[in-house]
Novice: 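Structure below; questions to follow.
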Amino acid sequence: MALDTVSIAETTPNNEQPWRELGLKEDEYARIKSILNRRPTSSELAMYSVMWSEHCSYKSSKVHLKQFGEKAPKSDALLVGIGENAGVVDIGQGYAVTFKIESHNHPSFVEPYQGAATGVGGIVRDILTMGARPIAVMDPLRFGLADAPDTRRVLPGIVAGVGGYGNCLGLPNIGGEVVFDETYAGNPLVNALCVGVMKHSDIKLATAHGTGNLVVLFGAKTGGDGIGGVSVLASETFASGKAAKRPAVQVGDPFAEKVLIECSLEIFAQDLVVGIQDLGGAGLSCATSELASAGSGGMDIQLEKVPLRDPSLSPEEILMSESQERMCAIIEPSKLAAFMKICKKWDVTATVIGQVSEGDRLKITFNGELIVDVPPRTVAHDGPVYNRPIAKPAYLDSLTCAEVPTPSKGAELKAAVLKLMSSPNMADKSWVTSQYDRYVQGNSVLAQPEDSGMIRIDAQTNLGVAISTDANARWSYLDPYEGAKLALLESCRNIATTGAKPLAVTNCLNFGSPEDPGVMWQFSETVRGLADACLELGLPVTGGNVSFYNQTGSVAILPTPVIGVLGVIQDVRTRTQMGIKTAGLDLYLIGTTDDDLSGSEWAYLHGVMGNTAPKADLAMEQRLINLLLDGQSIFEAAHDLSNGGLVAGLAEMTLRYTVGADLAVSVNLFSETPGRVLVAVKPEDAEQLTALSNKFNITIAKLGTTGGDDLIINDAVIPLSELSQAHSETFPKLFG
Amino acid sequence: MRIGVVTFPGTLDDYDAARAVEAAGAQAVPLFHASDDLKEVQAVVLPGGFSYGDYLRCGAIARFAPIMSSIITAAEHGFPVLGICNGFQVLTESHLLEGAMIRNKDLHFICKDQPLVIENTQTMWTNGFTAGQEIVIPLKNMEGSFQCDDATLARIEDEGRVIARYVGENPNGARNKIAGITNKRGNVVGLMPHPEHAIEDLTGPGTDGLTFFTSVLQTLVGR
Amino acid sequence: MATIIVEVMLKPEILDPQGQAVASALPRLGFTFAKSVRQGKRFEIIVEGEPTDAQLAEVNKAAETLLSNPVIETYLVKVEK
Amino acid sequence: MATIIVEVMLKPEILDPQGQAVASALPRLGFTFAKSVRQGKRFEIIVEGEPTDAQLAEVNKAAETLLSNPVIETYLVKVEK
Ligand SMILES: Nc1ncnc2c1ncn2[C@@H]1O[C@H](COP(=O)(O)OP(=O)(O)O)[C@@H](O)[C@H]1O
Ligand SMILES: [Mg+2]
């Protein structure tokens, strides 16, 4: 295959190029030509096509996402905002925390184990790149119907992949979600969150400064992973014969990543890098163009120096390869020896592949021939921006209200509780979570099934962070603006319920095709809702991820904005757990209950969607959060109410340590009205709770007392042994 | 007292093991796989994790690390060694302990709070327990099912070398529900569950695990 | 009774961390013979009587659907004599 | 260049949960041919030139010390033609 160089491109302006096969639009190809004043070389074409893809350029979402900047609340906590690999927030005592969610949806459908594994690997490298030690992961997941045959292929593979990679890295898994809905059949969602911690002074950025500084690639060797479409370049157009067979599947090597983490942290500790970037989507194309574009000069790369696992790779493929477990650092020449020594200690391959140059061009040569000569910003940042058409979808006009029976007593109630708590969405998830290590690193204060995960940051001062992720896709389907707000509020409430104060937000927005105006409307409403709510609650959005094209034919997934909230707790020893541990406590419901059955779990079990989402009451929720934080010391247990409503909350609190309760409840047991929390307090603390209720103007109602072996609601007696069996046998029955 | 904690590439619970050693009142000394220097420690913990990714067999590659040749020699002369999880696997691969670990019976990674009964309280790492004492510490691994041939099993049982057994349902298919064994001399102990994750109520199921570490201190003081 | 063997290996272009781990451990132990190592799986399937063509076709189908993952692996079915 | 194969199987008396899982999955998928299944490992080792006797002796040593665990496994070394 002949090498397509810049000088050949200059002299053969009319060569046919496979831009269409690479996913570029005609006007995008024309723009590349006008940027370069010539046709691109095949390597340049490869770089632009991948970097200008939806996944890398956010071309459909950009115009909306900028609201997160425009509406950003003033926050002293934000140290690094949107745009870097991950946002960084100040949590006090000199500590900074970075966290982010990413999706790996499509690869996980093709190859569940490896797709999920490399999803975890990718987000962990993003966190590491900021200079932080990764300290925990979470995994919000969505699947098609639980009893569908393909779910039996997809779910066990994804769970094993999340665990296989995360466990091997030594990262505790402290939470996530497992939700089933038929729209996710063929479109499972694998979102992975990672959180890391560092000292303020250790924050690293992805920039290439200082002419003469070295570009070093370290970690795994480069193979043909994930280059899929780009092999078009290497075969059909420029080679004579058959298409090269390149795997689109990336295979993870968690051991290589574990070693890379330790190696990188030692390098950071000795302050040996000027800038650093991980290699994720679009591989070297992304890393070199982003580093150069964020820096002050240009960059020269000698591509033949890249260590290869597969020697047959063409330069285009080397640029595109998404081989995992690689990092790219900018280092001063005087520090190279120290850098290499650490890499040798950890047996990590490291190679100088280029230099920061004067000027403002990214130039890549292959065995001395110039194959790329571009302004890096045009690759990394100046991609196309679309203002896609938006239209309120027609389905919203044909919704009908949720009319489902909601029993309140007797055998009917008992049967309903057993049915609800054994349904796949509400059932015990320990079949999943027991495959994840929640103990490693020794700082997991809370993990599943608690309302949020909590990690101790400092063993001397007991400073800690809490994290929760939430999405309610059915509410988002009914009203994406309110749905996004409600997901944020639920996540904040989960944080406050455990005793931490919400501080910052990340998100992963999973949607159907942006080319469908209805989907684009859902998306724009979601972003608007999230930005409005963050502004009002004073919480900065520190970063996130957009995943489009989650649809099969014309059927899109339910709009699924997964919202992650990070909170801070000054003393983790004061955290509140969800389970009732002792008899003789008073159980209170905080918040008011309306008839919110639309989008509820109970209606879903009856095959009913309903017609409207609840309205998010931000002011009330803020007061509730303050109440929860103020009252922390009197709560013996506290549990946020969400899916399944009051009855689910009661079941979960009593099942946790098998301590029952005897309760009289007059409100709708299945309604999912947001802004409610169940708390257990000692009888002598009742007065204090009433005072809090008055202070924050939030309704409280005593439901009854704890104790016994049954959950008794009105006159329905539900033995915990029976409830526990119904709750816990669903997953083993489905997945073995 | 100086107790070494070994780090192989891929070791994960070294930090936790060091914390447990310090909680027991000893000084934790990091030992790196690539050196054979035991740095004058008086006992060694081989912590959990996935040494070298455990891609071949758990502990198979770690067993050949330079630090292991020093540990094997010392162990043969009565030096106290505790192998936890992956560390236990390294000890069986090193033939300091009998048997081998295979995949859990349901083929999944298991992470759970596991009840155990302590049987042999004569070893350097279990003398702080009372025989028959029940404890709860986390079990977390993919390859935790203890296996050996019938003759070996009979020998281990006859010699009373089972130090801990799973209580209740067998979590992984281990023969005779064996969770941990010792060598004849009682200086080398291997245990699948993780005592270093049960040293404080805040981050584990309790504090039962601490006794393994205080036991060895007791032994060393008594010498 | 006969034994049918199914050998499953990762496709050559797919990363093989297991094989790599072995390849890098060998020289550390003084074994220098290997240029490269790949690790795969081997299934020994005991069947009643001599395997028929129909049976082998079934085994091939099982190898393709259950025993291997065609996205990343290849398989080979053999009858052991 | 030649390929040396090392096959490693669990000893017959050692429990094989992976093989058992395959054996019980097969009939669920409608495959009824298997009386029993055992799962093992297969290493493909690429060596320079034709393997010599000395080299094969080395491979056997590696198979015994590193590639298999004699406490629970057996191994077989073959040269692939
Ligand atoms: N995939 C998963 N990974 C880790 N933890 C999970 C996962 N799915 C659910 N969990 C945990 O199980 C518990 C219950 O989940 P869920 O019912 O979604 O909680 P809630 O509705 O209160 O947010 C939570 O602690 C959650 O973090
Ligand atoms: Mg929730």
Novice: What part of C:V59 lies closer than 4.5 angstrom to a heavy atom of chain D: side chain, backbone, both or neither?
Specialist: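 Both parts, heavy atoms under 4.5 Å.
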Novice: At what distance, to the nearest 0.5 angstrom, does CG of D:L76 lie from CZ of C:R42?
Specialist: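 D:L76 atom CG to C:R42 atom CZ measures 7.5 Å (nearest 0.5 Å).
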Novice: Report, in residue-number order, which members of residues 47-56 of chain D are under 4.5 Å from chain C by heavy-atom distance.
Specialist: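 If one takes a 4.5 Å heavy-atom cut-off, the residues of residues 47-56 of chain D near chain C are D:V47, D:E48, D:Q55.
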Novice: Determine whether D:F31 and C:I45 make a side-chain contact, defined as any pair of heavy atoms from C-beta on separated by less than 4.5 Å.
Specialist: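 Not touching, per the 4.5 Å side-chain cut-off.
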Novice: Which distance, rounded to the nearest 0.5 Å, do you find between the CG of C:L29 and the NZ of D:K61?
Specialist: 10.0 Å
Novice: Need one label for C:L67: side chain, backbone, both or neither, based on atoms under 4.5 Å from any heavy atom in chain D.
Specialist: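 It is the side chain, since no backbone atom gets that close.
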Novice: Heavy-atom distance under 4.5 Å to chain D: side chain of C:T32, backbone, both or neither?
Specialist: neither
Novice: Tell me which of these, C:V8, C:T65, C:I46, C:V6, has more heavy-atom pairs under 4.5 Å with chain D than the rest.
Specialist: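 That would be C:I46.
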Novice: Would you name the heavy atoms of D:M1 and C:K35 that are closest together and state the gap between them?
Specialist: SD-CE, 3.7 Å
